[in-house]
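First the structure, in the form of structure tokens, and then the observations on it.
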Number of protein chains: 2
Amino acid sequence: MYTVAEENYIKSIYHLQRHQKSVHTNDLAAELNTRAASATDMIKKLEAKGLLKYEKYYGCSLTKSGKKLALNIIRRHRLWEFFLSEKLGFGWEEVHAVAEQLEHVQSDLLTDKLDAYLGFPRFDPHGDPIPDTLGNMAAREQTPLSLWTSQAPAEVCGVGSQDESFLEMLSLKQLEIGCRLTVLRHFNFDKTVELQLATGSSFTISEMLAKNIFVKPVEV
Amino acid sequence: MYTVAEENYIKSIYHLQRHQKSVHTNDLAAELNTRAASATDMIKKLEAKGLLKYEKYYGCSLTKSGKKLALNIIRRHRLWEFFLSEKLGFGWEEVHAVAEQLEHVQSDLLTDKLDAYLGFPRFDPHGDPIPDTLGNMAAREQTPLSLWTSQAPAEVCGVGSQDESFLEMLSLKQLEIGCRLTVLRHFNFDKTVELQLATGSSFTISEMLAKNIFVKPVEV
DNA sequence: CGAAATATTTAGCCAAAGCTAAAAATATAT
DNA sequence: ATATATTTTTAGCTTTGGCTAAATATTTCG
């Protein structure tokens, strides 16, 4: 059994590790809205539990069992997100905060029965893949809108942030998961992107937004 | 927002208050598997938050807002029990432990949406009534089997303990909620009760068991 | 009633997880 | 290459919730 604090650290380290190979104390503290000193303490504790490797002044990275735990927490989080959205009718921007609490309920029986009840979904409402019992999850071809140069129609399949204000903005602009669009042009000057929805309406979005919306080719 | 520890104290005080008017420190400590000294500390903290009245050496009892909180926690607990049993197919003896964790997820939106999703159930799988948003819950005429003297058929409608070994025993003896039975006789010597199931099989149960099984007249 | 038993509180500790401020290591820049 | 800046760690303190042991109230019983 792990504490909520421990689980949150493991989860954050896992996410940061996708970008940097080794996770630095400051980055981790920032991610968790805490201070570097606190992060150092927790890193030491987690190392003692065998969940990560740690080298002073250099950083840390998850061990095999740390990764396994991380994937289990992510599995719980995304299954609950799916449940909240699909079964309880939560808006996708409300889902994350509640799932942050639910993900810490520790019962493998619960997780597996929930998974089965939901029909073993492979993606959560934000388009993120859900790991299975063994920690395997679907990889997904996805390109941020900022890099999508093709004129072919694209389908929104994921987002790069769970921030509520970000998701609310997407809802307002009707850029939900599964939505179809075409990129009309990229403005080099300020990196904004002009796009057109299936509804016909077209508008321009900021670079910041474009970087956080992932698309894939529309499936035939 | 309340901590998990606070919520557990409030819940226990509420339950103990059904029997004694004022809850004594030792009883509370026993209920929570902790020590009297710890209970005293927490009682003081909860009094400071206005959730209970406390008189030294005498005991404590919930205020209005304490009761409201208690009912909300109980509501969450029982809704989750219903969900686990009804939707996820948990056995009724497995339900309690997981619900103990789920009940501490604090989101009124979640609670209310769950309630609606489940169809506003009025009783959980153990036969306990589920409070509504306002804290109202169905009262239920229920008699422990130890006091049921009528020869009329009775229906099991509740249990007096959530102890796993107790519930497992009931499952084994096929004494589930909703099950019909007739009391054949009470043995005065050791207070055991002989009963007969709808299936025809008859057997004797201990006083301890009989006190913890609640029945009501079979509805016509 | 007063002594013994029981219940409750107080005082002083501990561990978890956070914090600040200062020290130490590493990185950067002139 | 040395001085400055940044990052990380250490040391020491805080709060929450628990503990033991000792002190104090209350209850019970001879």
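Residue numbering restarts at 1 for every chain, and letters A, B, ... go by the order of the sequence lines.
Regarding contacts with the backbone of D:dT8, a side-chain N or O of A:N26 is found under 4.0 angstrom from either OP1 or OP2. Remark: B:R35 is in phosphate contact with D:dT20, judged by side-chain N or O atoms under 4.0 Å from OP1 or OP2. Taking only side-chain nitrogens and oxygens, B:T25 comes nearer than 4.0 Å to OP1 or OP2 of C:dT9. A sub-4.0 Å separation between OP1 or OP2 of D:dT10 and a side-chain N or O of A:K56 is present. Residue A:T3 has no polar side-chain atom (N or O) positioned under 4.0 Å from OP1 or OP2 of C:dA16. At C:dG18, one or more side-chain N or O atoms of A:Y9 fall inside 4.0 Å of OP1 or OP2 (strictly under the cut-off). The phosphate of D:dT7 (OP1 or OP2) has no side-chain N or O of A:H24 nearer than 4.0 angstrom. Applying the 4.0 Å criterion to OP1 and OP2 of D:dG18, one finds that B:T34 has every side-chain N and O outside that range. Within the structure, a side-chain polar atom (N or O) of B:K44 is placed less than 4.0 Å from OP1 or OP2 of C:dT10. Listed pair B:S38 / D:dC19 meets the phosphate criterion, a side-chain N or O lying under 4.0 Å from OP1 or OP2.
In this structure, the CD atom of B:E6 is 14 Å from the C1' atom of D:dG18, given to the nearest Å. Atom pair B:N33:CG and D:dC19:C1' shows a separation of 14 Å (rounding to whole Å applied). When the C1' atom of C:dA7 is taken as reference, atom CG of B:D27 falls 10 Å away, rounded to whole Å. A straight line from OH of B:Y58 to P of D:dT27 spans 10 Å, rounded to a whole angstrom. To the nearest angstrom, C1' of D:dT16 lies 16 Å from CD1 of B:I43. The interatomic distance linking A:M42 (CE) with D:dT8 (P) rounds to 18 Å, in whole Å. Nucleotide D:dT24 holds its P atom 9 Å from the OH atom of B:Y57, rounded to whole Å. Between the OH atom of A:Y54 and the P atom of D:dT8 there is a distance of 9 Å, given to the nearest Å.
Aromatic ring centres of B:F82 and B:Y117 lie farther apart than the 6.0 Å criterion allows.
Counting all heavy atoms, side chain and backbone alike, B:R78 lies closest to B:P129 at NH1-O, 2.7 Å. Closest approach of B:S107 and A:V98 over heavy atoms only: OG-CG2, 3.9 Å.
At most 12 non-hydrogen atoms from other residues, nucleotides or ligands lie less than 6.0 angstrom from OH of A:Y58.
Residues A:D128 and A:F123 fail the side-chain proximity criterion, which asks for heavy atoms closer than 4.5 Å.
Looking at which nucleotide of DNA chain C each of A:A5 and B:E55 is closest to, the 5′-most match is held by B:E55.
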